[in-house]
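Read the structure below first, then the notes.
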Amino acid sequence: MKYKIPTGTKDVLPSDIHKWHHMEDKIRDVMTRFNYREIRTPIFEYTDLFKRGIGEATDVVGKEMYTFLDKGDESLTLRPEMTASVIRSYIENHLGEQQPLNKVYYLGPMFRQERPQKGRLRQFHQFGVEAIGSPHAAQDVETMLVSLTVYEELGLRNLSFKINSVGCRDCRPRYREELVKFLNGIKDRLSEESKNRMASNPLRILDSKNKGDVEATKNAPLMKEFLCDSCAPHFAEVQKKLKDHGIEFQIDGRLVRGLDYYTKTAYEIQSDDLGSQNALGGGGRYDLLCEDLGGKPTPSVGFAAGLERLLIVMESLPDSSIPVSGLDVYFIALGLRAQDALMPQMHAIRRRNLRCDIDFLQRSLKAQMREANRHQAKKVVIVGDQELDAGEAVIKTMETGEQISVPIAQLVEELTRR
RNA sequence: GUGGCUGUAGCUCAGUUGGUUAGAGCGUCAGGUUGUGGCCCUGAAGGCCGGGGGUUCGAGACCCCUCAGUCACCCCA
């Protein structure tokens, strides 16, 4: 085969598209009820935005970005995530000047050049929200509720919901010092990767999956023990509000997440159906990002979640709760005269909001019936020379097999009745 | 970037220690019904056995290289 799809990308074929529509419809529905409005930003941005926004030390920026020079020698990058783009747009369009709190959501493709595996593609899709402007724990909790509601209403169960606080620029440095002190004591037991991270981002050593690292850091100090007078009550309040909502969660003191901009709250929703890449979505607060990108200090919180991963979990549900719908009417014309007579009728019925189709291959009645069945047609209209001469059409109800004859002139009325 | 596994029909997969013409199920198409779907029966079409090289009288199978997929590491959605 000469042409192949690029590594790490997937076609969504017509036979699967209803699953995507189902997810997308539910996401937009929930977002709307929570009063988040969609924002659409370009698929690419100037490379510096992501370097500054996500952090030079992160894996995303360090080794996963699709970066290229355009014909004007500008360095552009296919977006690896949305938060930096959204904040750029928020600042650039002065959204904060028009109202103090902006709640936005997005849904679209992201790009990271990594080795694909289960639940990880080079072009993948995320939905997410950003609530820009509120420093309060209630806002953290609302974003959590958005994602949990989407999952809940799509029928997902048995998810695990983990939260942590990663502190702020006041308390994190103090903690980081303590942590490095501890890590130095057990340095020789750490993996190479973790040793390399000692200088750049020691916090992430804690959520390493390497068994040796996990064992070695078992007694490491945790951020939650070092939270400052601002972060500690905030974290406590998030927990209290979650309990008020009856939301089950676990505190995971080692949850850090790989994006540099998080402050205070960090959270992740996981599923066991996902294999090794078990995060369905995650998010947190990023109170410093806006000013880092040249805007005014603006406390914000948001999450991002993967659609491909959501799809994997949905497909693992015992009874596929993804609705499929068939045609309302399939038109069977035996001969071109009959086709000429039926197409205007079909058009009129399509204009009355029914889903219809007709055979375009001039095949046998039997073949056309099979086609009707394949499309799960509720009714079939059959017209051949006999009917044509009588000015009539046969309407067959597929489920019961019952057939009636009606004048062709009354087809529209007959089929759209009820 | 590193490692494991897998590449045979549209899909899912068999294929014996290397041996004649490469199979099955599903799907597709047709017939069984002069103009009636699903279920059933019958038949047909559909394969450079991922690609290249090598060993051999003989390779889908063995060896080497290569490409692709997949899973895992790292990290994340």
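Just so it is clear, the values below take in all heavy atoms, side chains as well, and ignore hydrogens, waters and symmetry mates. Within every chain, numbering begins at 1; the chains are lettered A, B, ... in the order of the sequence lines, protein sequences first and strands thereafter.
- Going from the P atom of B/rC57 to that of B/rU66 covers 28 Å, rounded to whole Å.
- The nucleotide whose nearest atom lies closest to any side-chain atom of A/Phe124 is, among B/rA30, B/rA72, B/rA77, B/rA77.
- Picking from B/rU36, B/rC75, B/rC73 the nucleotide with the shortest atom distance to the side chain of A/Met369 gives B/rU36.
- Judged by distance alone with a 3.5 Å cut-off, a donor-acceptor contact links the side chain of A/Glu114 to the base of B/rA77.
- A distance of about 24 Å separates the C1' atoms of B/rC64 and B/rG1, rounded to the whole Å.
- Remark: the separation of the P atoms in B/rG23 and B/rG15 is 15 Å, to the nearest Å.
- Side-chain atoms of A/Gln403 and base atoms of B/rU36 include a donor and an acceptor less than 3.5 Å apart.
- A 4.5 Å side-chain heavy-atom check between A/Leu222 and A/Leu206 finds at least one atom pair inside the cut-off.
- Only the C1' atoms considered, B/rU33 is 27 Å distant from B/rG25, to the nearest whole Å.
- Closest approach to the A/Leu334 side chain among B/rA68, B/rG35, B/rA77 is made by B/rG35 (side chain taken as heavy atoms from C-beta onward).
- At a threshold of 4.5 Å between non-hydrogen side-chain atoms, the residues A/Glu237 and A/Gln239 do not count as touching.
- Contacts of A/Leu121 with the nucleic acid, taken as non-hydrogen atoms under 4.0 Å apart, include base atoms.
- For the P atoms, the distance from B/rA30 to B/rG35 is 14 Å, rounded to whole Å.
- Between A/Arg374 atom CZ and B/rC39 atom C1' there is a gap of 17 Å when expressed in whole angstrom units.
- As rounded to whole Å, 13 Å separates atom P of B/rC40 from atom CG of A/Asn373.
- Considering only side-chain N and O atoms, A/Arg363 lies under 4.0 angstrom from the phosphate OP1 or OP2 of B/rA30.
- Heavy atoms of A/Ala372 sit nowhere under 4.0 angstrom from any nucleic acid atom.
- Atom pair A/Gln113:CD and B/rA77:C1' shows a separation of 17 Å (rounding to whole Å applied).
- Of the listed nucleotides (B/rG37, B/rA77, B/rC73), B/rC73 has the atom at the smallest distance from the side chain of A/Arg115.
- Under 4.0 angstrom from either OP1 or OP2 of B/rG37 there lies at least one side-chain N or O belonging to A/Lys366.
- Residue side chain A/Gln277 reaches the base of B/rC75 through a donor-acceptor N/O pair under 3.5 Å, judged by distance alone.
- The distance between atom CG of A/Asn278 and atom P of B/rC75, rounded to the nearest whole Å, is 13 Å.
- Summarising the geometry, the separation between CD1 on A/Ile395 and P on B/rG37 is reported as 19 Å, rounded to the nearest angstrom.
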Apply side chain to side chain contact (heavy atoms under 4.5 Å, CB included) to the pair A/Leu334 and A/Gln368, showing each step before the final yes or no.
CA-CA 9 Å; A/Leu334 302 170; A/Gln368 294 190 49; 4.2 Å; yes

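- The listed nucleotides are B/rC29, B/rG35, B/rC71; the one nearest the side chain of A/Lys118 is B/rC71.
- In this structure, of B/rA68, B/rA72, B/rA77, it is B/rA68 that holds the atom nearest to the side chain of A/Lys4.
- Checked against B/rC75, B/rA77, B/rG35, the side chain of A/Arg257 finds its nearest nucleotide in B/rA77.
- No hydrogens or angles were tested; on distance alone, nothing pairs the side chain of A/Glu371 with the base of B/rG37 as donor and acceptor under 3.5 Å.
- One P atom belongs to B/rG50, the other to B/rG60, and the distance between them is 10 Å to the nearest Å.
- Remark: the A/Ser85 side chain and the A/Glu45 side chain contain an N/O donor-acceptor pair separated by less than 3.5 Å.
- Under the 4.5 Å side-chain criterion, counting only non-hydrogen atoms from C-beta, A/Arg37 is not in contact with A/Val104.
- The P atoms of B/rG51 and B/rC11 are separated by 15 Å, rounded to the nearest whole Å.
- Note: A/Tyr36 and A/Tyr105 fail the aromatic proximity criterion, with ring centroids not under 6.0 Å apart.
- Remark: C1' of B/rG35 and CG of A/Asp359 are 14 Å apart, rounded to the nearest angstrom.
- Using a 4.0 Å heavy-atom distance criterion, A/Gly128 is classed as making no nucleic acid contact.
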Pairing string, 5' to 3', for RNA chain B - Watson-Crick or wobble contacts under 3.5 Å, brackets [ ] where pairs cross, | to another strand:
(((((((..((((.....[...)))).(((((.......))))).....(((((..]....))))))))))))....

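- You'll find that the side chain of A/Arg204 is closest to B/rC75, out of B/rC75, B/rA30, B/rG35.
- Side-chain polar atoms of A/Glu142 and A/Gln139 form a donor-acceptor pair below 3.5 angstrom.
- Looking at the side chain of A/Ser276, the nearest of the listed nucleotides B/rC73, B/rG35, B/rA77 is B/rC73.
- Rounded to a whole Å, the CG atom of A/Asp59 is 12 Å from the C1' atom of B/rC73.
- The nucleotide whose nearest atom lies closest to any side-chain atom of A/Glu387 is, among B/rG35, B/rA30, B/rG69, B/rG35.
- Taking 4.5 Å as the limit, every side-chain heavy atom of A/His125 sits out of range of all side-chain heavy atoms of A/Leu107.
- A residue-by-residue look at A/Leu280 and A/Thr7 shows that A/Thr7 has its nearest nucleotide of RNA chain B further toward the 5' end.
- Side-chain contact between A/Thr83 and A/Tyr286 is present, with heavy atoms from C-beta onward closer than 4.5 Å.
- One interatomic measurement links the two molecules: NE2 of A/His375 to C1' of B/rG37, which rounds to 12 Å at whole-angstrom precision.
- A gap of 29 Å separates the C1' atoms of B/rG10 and B/rU16, to the nearest Å.
- Here A/Gln368 does not reach the OP1 or OP2 of B/rU36: none of its side-chain N or O atoms lies under 4.0 Å away.
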Report the C-alpha distance between A/Arg352 and A/Asp328 in whole Å, list the side-chain angles of each, state the deciding distance to 0.1 Å, and finish with yes or no for salt bridge (charged side-chain N to carboxylate O under 4.0 Å, His left out).
CA-CA 11 Å; A/Arg352 302 278 289 267; A/Asp328 294 305; over 6 Å; no

